[in-house]
Amino acid sequence: MAKIAPLSGFPELLPEQRVVEREIIASLSRTFELHGFANIETRVVEPIDRLAKGGEIDKEIYVLQRLAADADSKAELGMHFDLTVPFRATSPEHAGKLEFPFRRFQIQPAWRGERPQEGRYRQFTQADIDIVGRDTLGFHHDVEVVRVMVEALGALPLPPLSFRVNNRKLIRGFYRGLGIADVTTAIKVIDKLDKLPAETVAAQLVEQAGATPEQAEQCLRLATIRVADTSFVEKVRALGVEDEVLDTGPEELAAVIAGCASATSARVTVEANLRIARGLDYYTGTVLEVFMAGYERLKSVGGGGRYDALASDGKTTYPGVGVSFGVSRTLIPLIADGVLDGSRKVPSAVLVAVTDEADRDASTAVATALRKSGVACELSADAAKFGKQIRAAERRGIPFVWFTRADGSHRVKDIRSGEQVEADPSTRTPPAADLRPQVIKKENQ
RNA sequence: GUGGGUAUAGCUCAGCUGGUAGAGCGCCGCCUUGUGGUGGCGGAUGUCGUGGGUUCAAGUCCCGUUACUCACCCCA
């Protein structure tokens, strides 16, 4: 794997790599906007007590403090570790000026002080969509938000992705109907099924969640259900467990699976996967994780779900549902592996050659004409031999070199094909595909 | 936070039991007379991460340190 981070956990992209990130962010933004999501950017810091919730993640919060702060003063500001928690926490703050249900997308970096690894960074960019309601939020938004992310990711040049969806009401109801003592712990234990062997998980269900061996066995049976359609409903019913919430859970999950079906493709699949639980405790209904083929080692590249009561100002609660996509987690490994790259290091589509330093103005005039028609271009840095100027263009990935001759005539050369033709700077424009840097995807890497 | 590994040219790395640094790629020049890519010939580049120790002699051995990296934990 190529090295991208000179400062561990704080990756920096080179210009052509940044092309990949920018184009992908632009594509995501377009899809989100097509669905009416407004963009916001929130402050990077929050008062620590709004971020810290007593969980594991608290230890990873970076704090922000003046260098000249008193030695005994306590830091008050922490940098956000994701985009959802601060968004939900601050929604009540702007509630008077927002229209509910409020739908927004947000693409920003977040910070976590953990040990960096492939796909895990101390600074990373996330793309989030959420819909937040006031007091109530219709369930159909669960379907909507998942579907929007399916469409958004389906439009990207990535390896195949799979959305694995579950519903907390389904598993909670099932566990409760079974009579398991500690349902919350049982969910957390089941979540480890991908890492630990089934027997170990069963043993932990008995030890930690107060389940009987028979109940643990039933939990595992539920967790192995995994289908790409709504047939899971029958499979759950066949296990013969009864509980009042166990009716709505499967219904909701079935609605999400059915609602996304027409947006799936070879590139993005959506399945009901009853072992998906998610470690975070604020999810109340829909939960999902996204995985990328060939990159299972990264764990999920996205995730989200429904949370009914994360934000509240005392009188009003703000239920929401959202999905986030790990832009850095996904792209940096793909770039490092050579699967994705930018088509060039510079925005310029044309390098205007300089014949003679005394004649640089002639080249400037050509560049000005090209820019008037929206063609990004730059002048050669010096009036070196044409061979060198062409080579300079080639190294930057600039597809065209423009030559101006003493008699005022012009020629433009496509340096990929070597083809060179007469051209007029005021009317000539490169093919659309060459106007902007593109994301190049290499297969079989 | 816990436990491993690595650190030599711009990049990827070699350097055996200590004897005053090397390859490939890249870069620069020439063949090529202002139009690159292939080919041939030639050339430049290193405080061998850093501080100390052992030794006549350290890239090589020992200790410290820093950085990077992998796994666990957790997650995007």
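These numbers come from the heavy atoms of this one structure, side chains and all, not from hydrogens, waters or symmetry mates. Residue numbers start from 1 in every chain, and the chains themselves are labelled A, B, ... in the order their sequence lines are given, proteins ahead of strands.
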Nucleic acid footprint by protein, nucleotides 25-31 of chain B - heavy-atom cut-off 4.0 Å, B for base, S for sugar-phosphate alone:
--SSS--

So if I define the base as every atom that isn't primed, P, OP1 or OP2, how would nucleotides 1-9 of chain B read as a B/S/- string at a heavy-atom cutoff under 4.0 Å?
BB-------

Stacking check: are the rings of A:Phe124 and B:rA76 less than 5.5 Å apart at their centres and under 30 degrees in tilt?
yes

Counting the atoms with a prime plus P, OP1 and OP2 as sugar-phosphate, which does A:Thr355 contact under 4.0 Å by heavy atoms, base, sugar-phosphate, or nothing?
base

Looking at every strand, decide which applies to A:Ala383 at a 4.0 Å heavy-atom threshold: base, sugar-phosphate, or nothing.
base

Nearest to side-chain heavy atoms of A:Phe403, which nucleotide of B:rC70, B:rU69, B:rU35:
B:rU35

Winner on side-chain proximity to A:Gln126, out of B:rU35, B:rA76, B:rA71, is B:rA76

Under the side-chain hydrogen bond (donor to acceptor under 3.5 Å, both in side chains) rule, what pairs show up with a residue in residues 386-399 of chain A, not counting sequence neighbours?
A:Ser380-A:Gln389

I'd like to know if A:Glu394 reaches the base of B:rG36 with its side chain, counting only an N/O donor and acceptor under 3.5 Å.
yes

Could one point to a donor on the side chain of A:Gln389 or the base of B:rU35 with an acceptor on the other under 3.5 Å away?
no

Residue pairs fulfilling ring-ring contact (aromatic ring centres under 6.0 Å, His included) with at least one residue in residues 375-417 of chain A, sequence neighbours excluded
A:Phe386-A:Phe403, A:Trp402-A:His410

Quote, to the nearest angstrom, the [atom1] distance that separates [N] from [M].
N      : M      : atom1 : answer
B:rG64 : B:rU45 : C1'   : 32 Å
B:rA67 : B:rG22 : C1'   : 25 Å
B:rU8  : B:rC13 : C1'   : 9 Å
B:rA57 : B:rG18 : P     : 15 Å
B:rG4  : B:rC11 : C1'   : 27 Å
B:rU38 : B:rC27 : P     : 9 Å
B:rC16 : B:rU54 : P     : 24 Å
B:rU6  : B:rA14 : C1'   : 16 Å

Spacing of [X] atom [atom1] relative to [N] atom [atom2], expressed in whole Å:
X        : N      : atom1 : atom2 : value
A:Asp82  : B:rC74 : CG    : P     : 17 Å
A:Met149 : B:rA76 : CE    : P     : 12 Å
A:Glu118 : B:rC74 : CD    : P     : 19 Å
A:Leu351 : B:rG37 : CG    : P     : 17 Å
A:Leu298 : B:rC70 : CG    : P     : 11 Å
A:Ile398 : B:rG36 : CD1   : C1'   : 13 Å
A:Arg416 : B:rG37 : CZ    : P     : 18 Å
A:Lys299 : B:rA76 : NZ    : P     : 13 Å

Got a salt bridge between A:Arg103 and A:Asp130, using NZ or NE/NH1/NH2 to carboxylate O under 4.0 Å?
no

Between A:Arg168 and A:Asp308, is there a side-chain N and carboxylate O pair less than 4.0 Å apart?
no

So, using salt bridge (Lys or Arg N to Asp or Glu O under 4.0 Å) as the criterion, who are the partners of A:Asp142 when residues are at least two apart?
A:Arg306

Could you work out, with side-chain contact (heavy atoms from CB on, under 4.5 Å) as the rule, every residue matching [X], not counting sequence neighbours?
X        : result
A:Arg66  : A:Ala68, A:Ala69
A:Ala362 : A:Asp359
A:Gln208 : A:Thr185, A:Val189, A:Gln204
A:Ser417 : A:Asp414, A:Glu419

Count the heavy atoms of every other residue, nucleotide or ligand shown that sit under 6.0 Å from CZ of A:Arg436, and state whether that count exceeds 12.
no

With a 4.0 Å limit, can you tell me whether A:Gln117 has a side-chain N or O closer than that to the phosphate oxygens OP1/OP2 of B:rU69?
no

May I ask you to verify if any side-chain N or O of A:Ser8 is less than 4.0 angstrom from the OP1 or OP2 atom of B:rU69?
yes

Identify, with sequence neighbours excluded, every residue that meets ring pair (Phe, Tyr, Trp, His ring centres under 6.0 Å) alongside A:Phe174.
none

For A:Phe105, enumerate each residue passing the ring pair (Phe, Tyr, Trp, His ring centres under 6.0 Å) test, keeping only those at least two apart in sequence or located in another chain.
A:Phe32

If you pin A:Asp356 and A:Thr330 to their nearest nucleotides in RNA chain B, which one's is more 5'?
A:Asp356

A:Leu288 side, atom CG; A:Ser162 side, atom OG - distance, nearest 0.5 Å
10.5 Å

Judged by atom type as modelled, is there a donor-acceptor pair below 3.5 Å linking the side chain of A:Arg329 to the main-chain atoms of A:Leu298?
yes

Could you spell out the base pairing of RNA chain B in dot-bracket, with Watson-Crick or G-U pairs whose two distances are under 3.5 Å, [ ] crossing and | to another strand?
(((((((..((((.....[..)))).(((((.......))))).....(((((..]....))))))))))))....

